[in-house]
Number of protein chains: 2
Amino acid sequence: MNSSVPEGDATVPEGNAVVPEGNAVVPEGYDPHAFAPFAVTVDLAVFTVRDGALQVLLVERGQEPYAGRWALPGGFVLPAESAETAARRELAEETGISDLSGLHLEQLRTYSEPDRDPRMRVVSVAFAALGPGLPEPRGGGDAARAEWRPYGTFGALAFDHDVILADAHERIGAKLEYSCLATSFLPPEFTLGELQQVYETVWGTALDRPNFRRKVLATPGFVEPVPGGARLTGGRGKPAALYRAGTAGALHPPLLRPEGRL
Amino acid sequence: MNSSVPEGDATVPEGNAVVPEGNAVVPEGYDPHAFAPFAVTVDLAVFTVRDGALQVLLVERGQEPYAGRWALPGGFVLPAESAETAARRELAEETGISDLSGLHLEQLRTYSEPDRDPRMRVVSVAFAALGPGLPEPRGGGDAARAEWRPYGTFGALAFDHDVILADAHERIGAKLEYSCLATSFLPPEFTLGELQQVYETVWGTALDRPNFRRKVLATPGFVEPVPGGARLTGGRGKPAALYRAGTAGALHPPLLRPEGRL
DNA sequence: TCCTTTATAGTCGTTCTGACCATAAAGGAG
DNA sequence: CTCCTTTATGGTCAGAACGACTATAAAGGA
């Protein structure tokens with residue numbers, strides 16, 4: 001049967017829109033080629049680098065199941081929305097953060113195990129998101145609370161959100177190698193030291209400063225110097241030059257994690 | 001609202017399971033936090049290398065819309081299935097290929113634009129799949145016909161399948177660089193020449209044979225020699241040694257496409 | 001006025017890469 | 001049987017890239 005549409009023998013069953021409860025089973029008399037209704041949600045693994053640590057945005061659940069447990073922000077996709085639109089809307093609703101323009105959103109994958117939600121059949125499109133110094137979330141919408149938590153400092157999350165979060169972290173780490181994604185963690189203007197800190201924080205490894213600098217500057221389109229800028233404020237050492245993100249999307253050759261080198 | 005479950009104010013609306021027709025709009029009196037039903041499908045971009053060309057598995061549509069047009073194989077996810085399970089089942093149904101054990105299946109991403117299907121709201125989980133010398137498809141299930149077509153030799157596909165196919169090709173090409181994925185195109189035992197041909201076919205570029213060989217053999221866990229094998233049949237030149245896939249999953253350092261080198 | 005801290009420049013030896021050339025071992029044409 | 005073509009495999013060599021490391025510059029704090 002073909003893809004995104006029910007064929008002739010597969011008309012939309014108005015009176016057949018069975019909502020499976022619990023572990024769904026094909027209902028009796030159900031045409032396996034007919035439209036079966038699912039709930040579609042989005043889940044977001046939102047990362048930021050604050051205070052030199054990798055932080056994740058979590059919300060506290062108010063209702064059962066998993067009441068009181070931390071979970072990834074997310075929610076239902078509305079009939080007129082794409083998953084991407086729903087992701088931005090839900091994030092804004094649950095955190096009270098209105099300016100999501102600087103947020104990098106990227107589809108991770110879709111989680112569709114039949115038993116991933118104990119109550120009903122839910123398919124969830126997961127996103128990985130990165131943002132520079134996002135403000136403290138307010139906890140709106142249906143989230144009891146919303147907080148930044150350092151990655152790895154919390155227990156088991158609700159549903160399969162531990163898996164989603166781990167997948168997202170792995171994906172982000174891998175993408176830093178061959179894309180300019182790291183600049184999404186930073187404000188429009190940044191120093192090479194800050195860029196290096198992003199890599200070190202996400203990868204959890206220390207990098208050699210002169211070598212990192214040489215590599216970044218040798219990659220065309222990764223960063224470009226800000227015309228007249230040097231930074232003075234707060235720094236204890238020599239002021240660093242300011243850079244902004246370049247026009248390249250991919251890094252060639254890639255900036256590999258030290259671990260991979262054996 | 002949280003992810004994979006409706007909260008207290010979001011009970012499953014039995015009489016509210018509106019199936020949006022056409023460009024869906026939020027129905028009047030619809031609680032935006034309630035469960036909204038979607039049809040969930042899978043679409044598969046299945047690649048293989050045959051006769052030195054990259055081939056894609058396509059099916060011909062029998063019904064409107066897009067009747068007579070070629071499309072990617074796929075179909076509805078059943079209530080008790082994950083998207084991965086549905087993908088294998090649909091592929092077997094539509095092609096008559098029973099042995100899908102050697103097939104590499106990998107989630108690409110989910111396409112959820114509200115207007116991607118002219119008839120109803122369909123969210124599709126797309127997969128990229130690779131297989132060694134798969135048999136001629138029989139065209140069963142709801143597919144009028146099923147055929148291998150050389151990539152790039154066909155016109156516009158149905159729905160947004162052109163985009164899905166292009167995304168899949170790009171993903172496969174990128175993954176060849178840093179993973180052992182190429183062996184998924186080949187039978188259990190293969191020569192280095194065949195492995196090189198996979199890279200050349202997918203990337204569309206010629207590679208230097210001695211250099212390719214040196215690189216592959218220098219990467220630990222990529223391939224390992226078959227104890228007592230040399231190949232004689234059919235070849236016009238010197239018989240090549242046989243190799244099988246190694247245990248490594250990732251390639252470090254990666255095998256980069258020549259284009260990226262500038 | 002040190003001392004610490006951070007940024008930046010440069011060195012040096014190893015490894016990797018791309019562009020080659022050379023040889024080995026098969027089948028086919030004459 | 002003898003070239004000739006084809007494919008596999010082994011090797012060279014210069015330049016680029018990389019990791020480890022040293023040195024200098026410019027700020028703030030003790």
Side-chain angles (χ1 to χ4, degrees), chain A residues 52 176-178 186 189-201 203 205-220 222-226 228-244 250-262, chain B residues 51-52 176-178 186 189-201 203 205-220 222-226 228-244 251-262:
Chain A
L176 287 191
E177 291 188 328
Y178 56 92
L186 296 169
E189 298 191 348
F190 50 86
T191 69
L192 293 187
E194 290 165 342
L195 184 64
Q196 181 177 349
Q197 201 182 26
V198 169
Y199 276 90
E200 292 179 330
T201 303
W203 286 349
T205 47
L207 299 174
D208 180 83
R209 207 180 270 268
N211 289 343
F212 179 83
R213 170 187 200 76
R214 187 213 306 163
K215 184 83 169 102
V216 169
L217 293 179
T219 304
F222 191 3
V223 300
E224 54 187 29
V226 170
R231 186 193 210 182
L232 309 168
T233 57
R236 266 205 304 277
K238 175 178 174 178
L242 286 176
Y243 293 83
R244 62 168 69 104
L251 263 39
H252 268 280
L255 211 154
L256 298 176
R257 276 177 277 206
E259 329 141 32
R261 287 265 162 200
L262 293 192
Chain B
D51 314 321
L176 287 191
E177 290 188 329
Y178 56 92
L186 296 169
E189 298 191 347
F190 51 85
T191 69
L192 293 187
E194 291 165 341
L195 184 64
Q196 182 178 347
Q197 202 182 24
V198 169
Y199 277 88
E200 292 179 329
T201 303
W203 286 349
T205 47
L207 299 174
D208 180 84
R209 207 180 270 268
N211 289 344
F212 178 83
R213 170 187 200 76
R214 186 215 304 163
K215 186 81 167 102
V216 169
L217 294 179
T219 305
F222 191 2
V223 299
E224 54 187 29
V226 170
R231 184 194 211 184
L232 309 168
T233 58
R236 266 204 306 276
K238 174 177 175 178
L242 287 176
Y243 293 83
R244 62 167 69 103
L251 262 40
H252 268 280
L255 210 154
L256 298 176
R257 277 178 276 207
E259 329 141 35
R261 287 270 161 196
L262 292 195

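Lettering of chains follows the sequences in order, A, B, ..., and the numbering in each one begins at 1.
Contacts of B:Y243 classified as side-chain contact (heavy atoms from CB on, under 4.5 Å), with partners at least two apart in sequence or in another chain: B:F190, B:L192, B:R213, B:L217, B:V223, B:P225, B:A241. Evaluation of the side chain to side chain donor-acceptor pair (under 3.5 Å) rule for B:D208 yields B:N211 as partners, not counting sequence neighbours. Applying the side chain to side chain donor-acceptor pair (under 3.5 Å) criterion to A:E189, with sequence neighbours excluded, gives no partner residue. Residues meeting the side-chain contact (heavy atoms from CB on, under 4.5 Å) test with B:E224, sequence neighbours left out: B:R244.
A donor N or O paired with an acceptor N or O is not found under 3.5 Å between the base of C:dG10 and the side-chain atoms of A:R214.
In this structure the side chain of B:T205 never reaches within 4.5 angstrom of the side chain of B:R257, judged on heavy atoms.
Closest of all the heavy-atom pairs between B:Q197 and B:G52 is NE2-CA, 3.6 Å.
One atom, CG of A:D208, and another, C1' of C:dA7, lie 13 Å apart when rounded to the nearest Å. The CG-P distance, from B:L255 to C:dT17, rounds to 8 Å in whole Å. A straight line from CZ of B:F212 to P of D:dG10 spans 15 Å, rounded to a whole angstrom. Atom CG in A:L256 sits roughly 14 Å away from atom C1' in C:dT15 (whole-Å rounding). The nearest whole Å value for the distance from the CG atom in A:N211 to the C1' atom in C:dT11 is 12 Å.
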With Watson-Crick and G-U wobble geometry limited to distances under 3.5 Å, how should the secondary structure of DNA chain D be encoded in dot-bracket form, using | for bases paired to another strand and [ ] for crossing pairs?
||||||||||||||||||||||||||||||
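For the pair B:K215 and C:dT17, the criterion of a side-chain N or O lying under 4.0 Å from OP1 or OP2 is met.
The aromatic rings of B:Y178 and A:Y178 sit parallel to each other, their planes meeting at less than 30°, with 60° as the upper class boundary.
Rounding to the nearest 0.5 Å gives a distance of 7.0 Å between CZ of A:R209 and CD of A:E200.
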How does protein contact run along nucleotides 3-9 of chain D, one letter per nucleotide 5' to 3', with B for base contact, S for sugar-phosphate only, - for none, heavy atoms under 4.0 Å?
---BBSB
